[in-house]
Every structure is written in structure tokens, then in C-alpha cells.
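Remember, it's 1-based here, ligands and their atoms both numbered in the order they're listed.
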Amino acid sequence: VWDQADEIVEGLPAQRKHPYKAFVNIMYGCDNFCSYCIVPYTRGRERSRDPEAILEEVKALVADGVLEITLLGQNVNSYRGQIRNQDKEEAGGGTVMDSSGEYVSFAGLIHMLNEVEGLKRIRFTTSHPKDLSDELIDAFASCEKLCPHIHLPVQSGSTRILEKMNRKYTKEEYLELVEKLRRKTPDIAITTDIIVGFPGETEEDFEETLDIVRKVGFDSAFTFLYSIRKGTPAENFPDQVAEEVKHERFNRLVEEVNRISAEKNRALVGQVVEVLSEGKSKTNKALYTGRTGGHKLVNFKADEDVTGRMVKVLITESSTFSLTGRAV
Ligand code: SF4
């Protein structure tokens, strides 16, 4: 399915690289205008696909062998889909409709997809913290197919820098969201994106970023050096950070992120986790490979061919980026 700035075309054949996993676009565009990002100017305003079209696509994927879907959008939390053909009560009523009673919310869409027979796992990306609803936090507990993993880009730990980025949340508000998520789903894996060296970032601001990284204890993080995007407001911000300062902070951040990832992975040694087995590892044909619900990469031994199956794996070793184990 492709999109233009003001419309959505349905019914085009889906392409996918993996037999058991598929990505499903649920919305296009973005209304957030983060000051460093070009997406709102190039992809237009937010448009949500109809939930019935998404449901049909997911059912077709499952019929074709898919076990795990990842719902995609720049800001999936602001999904608002319209039911056009079905009776709203039949579609799930209050469980799936938002407070207006007119639109299916993102949590509602997950509830609808959770009912698809044969589907094992639902994931989504990306969530904007300012739109993370209590309803979605509850869905982690009430929809058993929704994987216990959220990618929640924090970008900076400094409220001052978050304001310059136009992110519309503070460090404290982000920490509150994390607390709420963990209260409902204690074992939820939380991953993030962080930008280092945004214009005006001081050493104190960067320390705030290190502080939030430690306080949250992210399972992993994509870390980026800020670079100017032509046509964005931040292009003209004063106080661009010197390259060598950015690199020095970046290295310190990566070290901290990796230390915590390794610690989180180490805590899984001795535990049995459920893995969607994707087949033989590309680097070691003696092992199978797959991911946990928390999206951790696991390479494991199995006595039989477990390709395309949900497998219980005892974790025996860990490293910064992966786990090793054996099927039990
Ligand atoms: S960073 Fe994400 S939320 Fe912000 S404007 Fe870009 S696409 Fe939208």
C-alpha cells in the first residue's frame, strides 16, 4: 500500500521479506512537527486507514502463514479509524471505539486484531510519548497477543531540550509513563531513540539524558548524532554543538546504553522465554534464531526443525545484543 499527501490507496499486493512476520501500515503522515524532523513536510497530515481494511489485510496475511504483525505509523498512538461497513457494536462497541463513539482508537484496533484466529503476536511502532493513552497501557494487560514491548522515543532527558525539539512532554512526564507501563506490565521491555548534540545542548542537558537512561533502564536504544535537516526549524537554531563534543557525548551515551542492555539480558539467564523461531541462524547453521515478546534476539539449539513455531527456550548465556539458549 502506498500513500500520497492526501489519500490512501487500498488493495495493492503486500510485499514481505519474511514468511512468519509482516509489517502493516495503519496510518500515514505526522502532525507533530518536531523541530528537527522533515516528515510532516514530506509525508503530509495524519491519515488513518479504515480498521476493516487493516483487519482484512491481517486475516489474509495470517492465512498466508504470518504469525506476527507489526503495525506501522509515524505516530500510531494518534490512530483514528472509521468503521464504514460493519455495525459499531458488532465491531466491538465501547472496547474499540474512542470516547466520541465515532472512531476506532489505536487501543481499539489492537483489541480488534487480538481476535484474529491464528495470529500469535502483535507489535507496533512508533509511539509518541505525548499520545500514549491509559487505554493503550491497559491493552498490554488485556490483549494477550500484544507483545510486552514498547518503543517509546525519548530523544532527550532534558526538559529544556525537549521543549526546543517541540516534543510536548517533560522528562518527568516521560518517567511517569514508564512507571504506569511497568505498574500494569512489570516485564515490559522499553526501547527508545535518543538524539545527541541537539542545538543548545549543554553538558548539564546531556547529563539529564544519561540520568533518564539510567532511571528508565532501557532494554536498548537507537542513538543518533544530531545533524541538520534542511527545511526544518532546527536548521536555523543558534548554538549548534561542535562535532567533537557531539562525538564525545555520543560515545559516553552508547557505553551507558550498552552497559544497561547487557545487564537486562544477563537477568534473563536461567529463565524460559517464548521465541518465534524464524529458522536457522545466518551465522551459525547449528542454531535457530528468533525473538522474544520483548524483541530480544535469541539463538538457540533445538533437536527438531522448529522453523515457524513458537518455541520455549531456556536462556543459558547472554551478551549485550543477544541471548543464547536451548529449546525445552
Ligand atoms: S520525529 Fe516522529 S513524531 Fe516528530 S515530527 Fe518526525 S515523524 Fe512526527
Determine all donor-acceptor pairs shorter than 3.5 Å in which one atom belongs to a side chain in residues 147-154; sequence neighbours excluded.
{"from": "His149", "atom 1": "NE2", "to": "Thr191", "atom 2": "OG1", "distance (Å)": "2.9"}
{"from": "His151", "atom 1": "ND1", "to": "Thr191", "atom 2": "OG1", "distance (Å)": "2.8"}
{"from": "His151", "atom 1": "NE2", "to": "Asp193", "atom 2": "OD1", "distance (Å)": "2.8"}
{"from": "His151", "atom 1": "NE2", "to": "Asp193", "atom 2": "OD2", "distance (Å)": "3.4"}

When you measure from the side chain of Lys145 to the backbone of Val116, do you find a donor-acceptor pair of N or O atoms at a distance under 3.5 Å? yes
Assess Lys301 against Tyr288: is NZ or CZ under 6.0 Å from the centre of the six-membered ring, and within 45 degrees of the ring's axis? no
Main-chain N/O of Ala262 paired to Asn265 side chain as donor or acceptor, under 3.5 Å: no
Closer than 2.8 Å to atom 4 (Fe) of ligand 1 - protein N, O or S atoms, ordered by chain and residue number: Cys34 SG
Relative to each other, are the rings of Tyr174 and Tyr169 parallel, tilted or perpendicular (30° and 60° limits)? tilted
Within the 3.5 Å criterion, strictly below it, is a donor on Glu201 or Ser156 matched to an acceptor on the partner's side chain? no
Suppose I only count heavy atoms of Tyr36 and a 4.0 Å limit; which atoms of ligand 1 are within that range? 1 (S)
